[in-house]
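Quick notes on the structure that follows.
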2 protein chains.
Amino acid sequence: MVDIARLAGVSVATVSRALNGHPEISVATRERIAELARSLNYTVNAGAKNLRTKGNRTVAVVVPRDPAAPQPISDPFLLAMIGRLADALTSRGYDMLLSRTPADQIAALHASGTAVGIVQLGQWHDTGSLEAAARAGVPLVVWGAPLPGIGYCCVGCDNREGGRLATLHLLDQGRRHIAFIGDRSTPEPAERWQGYREAHEARGLVPAPSLHLTETTDLAHTRATVQALLDGGAPIDGIVCCSDILAIAAMSAVRAHGLRVPEDVAVTGYDDISWASHAEPPLTTVRQPIEPAADALVAALMQQAAGESTASVVLPVELVVRRSSGA
Amino acid sequence: MVDIARLAGVSVATVSRALNGHPEISVATRERIAELARSLNYTVNAGAKNLRTKGNRTVAVVVPRDPAAPQPISDPFLLAMIGRLADALTSRGYDMLLSRTPADQIAALHASGTAVGIVQLGQWHDTGSLEAAARAGVPLVVWGAPLPGIGYCCVGCDNREGGRLATLHLLDQGRRHIAFIGDRSTPEPAERWQGYREAHEARGLVPAPSLHLTETTDLAHTRATVQALLDGGAPIDGIVCCSDILAIAAMSAVRAHGLRVPEDVAVTGYDDISWASHAEPPLTTVRQPIEPAADALVAALMQQAAGESTASVVLPVELVVRRSSGA
DNA sequence: TTGAAAGCGCTAACAA
DNA sequence: TTGTTAGCGCTTTCAA
């Protein structure tokens with residue numbers, strides 16, 4: 001900027017004003033300076049500007065990585081969400097930092113001035129760190145189920161209802177031995193499981209033994225687990241899965257066992273990732289509205305960054321019926 | 001930091017040194033300061049530090065967005081690559097900025113000090129801006145095919161070979177009317193098309209009419225286009241697709257037309273996204289080694305940031321044969 | 001309409 | 001081992 005000032009024969013203050021479109025500056029000098037900046041390929045240093053103005057236009061999107069068991073981000077729904085968030089933030093003039101910081105360190109992203117706020121994707125098992133960060137005044141919005149009595153803002157879908165809808169749908173197709181696949185030690189599958197039970201109760205039935213998986217990203221492993229269940233002789237005629245990915249694995253296992261989807265075993269997924277409608281057979285699934293979700297996450301964060309407090313948001317889900325459920 | 005200095009009864013310089021693990025500082029004061037920082041929830045301001053040290057640990061990963069036709073990032077392969085890059089950068093101690101800056105503005109990301117360097121995903125149609133940025137000294141690595149005579153560093157896979165392998169495979173299954181689906185106006189599909197032709201030549205054959213699509217992310221649209229081709233009476237018995245996504249759409253269209261995969265029409269994809277092996281039928285596809293690719297992108301960028309120049313890298317591909325090709 | 005000068009939070013000579 | 005001081009690149013009073 002000093003270079004420009006010297007070349008233009010003005011002070012750096014003038015250059016700064018010109019470049020920022022300050023009104024009280026002669027059109028002549030403004031244009032001269034703009035031209036000079038362009039020809040020198042000059043851009044105002046963002047860091048220095050932020051330091052001076054205490055501004056910051058960066059939001060950190062965090063997918064925590066467990067240092068003990070590092071796993072790449074592979075869940076298509078999460079990945080799609082990341083893509084949507086990039087758009088939502090870009091269109092609001094924010095930069096998006098994609099971070100793999102463990103949950104107990106997200107507060108530092110804010111304290112260090114790296115980001116104005118944080119969108120964390122998933123609560124995983126560390127709600128304590130999230131509570132702490134929120135209490136410390138870090139603008140924070142979490143994609144996940146708002147647990148009762150929780151101290152931070154969540155944006156999520158109605159998991160109970162999603163589980164209920166999927167299960168009810170299978171029950172109403174006459175299925176009576178419906179397995180439930182998902183990691184119930186995490187909040188969202190736990191809520192869906194509630195819905196699964198409610199659906200059975202509503203029909204005066206008792207749930208079949210369910211499958212509880214801790215690993216949801218490794219297709220091969222999931223498939224093997226489902227297959228083990230079938231090989232064990234369980235008389236399953238329906239499977240409610242907590243993600244479309246799990247449903248892929250489940251359908252694959254069912255076939256490997258010599259059974260047909262949906263004739264012998266009806267399957268439902270969760271998320272409605274873009275692939276679901278093109279699966280074979282097309283997958284019945286619970287759609288989570290990804291674009292509204294991304295918008296809601298960003299909107300809530302902006303409010304918090306502006307000093308307002310925000311309540312958690314629960315978005316509605318929708319059962320998308322396709323062939324895999326035998327309807 | 002002044003607060004800590006005051007509370008500890010030392011100068012800010014001492015605090016700075018203590019927090020940075022400078023060797024010439026007494027253990028006592030270092031611990032006192034560390035403790036103080038922890039209790040105050042203090043973290044060094046990253047921006048100010050960068051300003052002072054001229055350091056920067058942020059890399060921008062750019063998926064350009066055409067302002068005229070804004071599209072969310074939806075390609076699973078690209079999304080998976082983003083996930084891998086996040087890991088590769090994180091493990092090297094870099095932050096990753098996911099940006100949707102149009103190609104003609106990426107240089108500003110560097111000039112403004114926002115990022116030390118840029119990884120652009122895809123060349124799209126604007127190689128000119130990439131040339132310009134590289135010439136301006138911006139550390140830049142592009143995921144894509146190294147075009148002859150190009151002035152920037154590319155990391156890509158051997159597209160010609162990929163197209164050749166897939167086509168040869170179908171020809172050797174006895175298929176003689178093989179369509180090619182991809183947007184040949186972009187470099188990578190154009191190279192794969194070369195391979196497609198070479199394969200035919202190698203067997204003394206002439207390629208069937210191919211399908212040239214400009215839109216590769218909209219499944220429904222792609223499917224309709226393929227269906228139109230079949231409805232047009234083309235005697236197609238094989239399809240080479242430029243992505244697994246296209247292959248999904250193609251298989252779907254083939255079935256809708258009342259034909260079977262692979263009996264009537266054999267299909268190959270490209271990328272080997274995680275879903276491919278669980279498709280029905282499992283998809284024969286050309287695998288692009290995503291993790292080595294992400295590593296190569298980051299490694300090349302680091303070299304450039306260190307002032308070294310880097311040559312483009314072409315990674316090998318591998319044909320993964322599954323049932324969709326009828327083998 | 002413009003300039004001079006202070007200072008954002010930090011680090012690194014140079015002194016002590 | 002620690003403090004003093006200058007200055008990274010920028011914006012913004014306050015004066016002119």
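Below, chain A is the first sequence line, B the second, and so on; all start at residue 1. This one's a predicted model, so the numbers in the text were calculated from it and none came from an experiment. These numbers come from the heavy atoms of this one structure, side chains and all, not from hydrogens, waters or symmetry mates.
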Main-chain N/O of A/His22 paired to A/Asn20 side chain as donor or acceptor, under 3.5 Å:
no
To the nearest Å, give me how far apart CD1 (B/Ile33) and P (C/dC10) are.
13 Å
Which of B/Val119, B/Ile290, B/Val61 passes side-chain contact (heavy atoms from CB on, under 4.5 Å) with B/Met81? Answer is B/Ile290
Contact class for B/Val2 (heavy atom, under 4.0 Å): base, sugar-phosphate, or nothing?
nothing
Base, sugar-phosphate, or nothing for B/Ser11, non-hydrogen atoms under 4.0 angstrom?
base
Between D/dT2 and B/Thr29, is there an OP1 or OP2 to side-chain N/O distance shorter than 4.0 Å?
yes
Counting only N and O atoms by type, is there a donor-acceptor contact under 3.5 Å from the side chain of A/Gln120 to the main-chain atoms of A/Val142?
no
Below 4.0 angstrom, N of the basic side chain to O of the carboxylate: do B/Asp3 and B/Arg6 qualify?
yes
Is the distance from OP1 or OP2 of C/dT2 to the nearest side-chain N or O of A/Thr14 less than 4.0 Å?
no
Just how far, in rounded Å, is C1' of D/dT4 from CE of B/Met1?
16 Å
When the distance from CD1 of A/Ile4 to C1' of C/dT2 is rounded to whole Å, what number comes out?
17 Å
Heavy atoms within less than 4.0 Å of DNA chain C: which residues of residues 42-55 of chain B have one? Give them sorted by number.
B/Tyr42, B/Val44, B/Asn45, B/Ala48, B/Lys49, B/Arg52, B/Thr53
What is the distance, to the nearest angstrom, from the CZ atom on B/Arg17 to the P atom on C/dA15?
15 Å
What residues in residues 18-27 of chain B put a non-hydrogen atom under 4.0 Å from any atom of DNA chain D?
B/Glu24, B/Ile25, B/Ser26
Nearest atoms (heavy-atom pairs only) where A/Ala60 meets A/Leu109
CB-CD1, 3.9 Å
Compare every heavy atom of A/Val116 with every heavy atom of A/Pro139, then report the nearest pair and how far apart it is.
CG-O, 3.3 Å
Gap between atoms CG and P, on A/Asn56 and C/dG9 respectively (whole Å):
14 Å
Over all atoms of both residues, closest heavy-atom pair of A/Arg32 and A/Ala8:
NH1-O, 2.6 Å
Do B/Asp95 side-chain atoms and A/Leu97 backbone N/O form a donor-acceptor pair below 3.5 Å?
no
Would you say the side chains of A/Tyr152 and A/Gln123 form a donor-acceptor pair under 3.5 Å?
yes
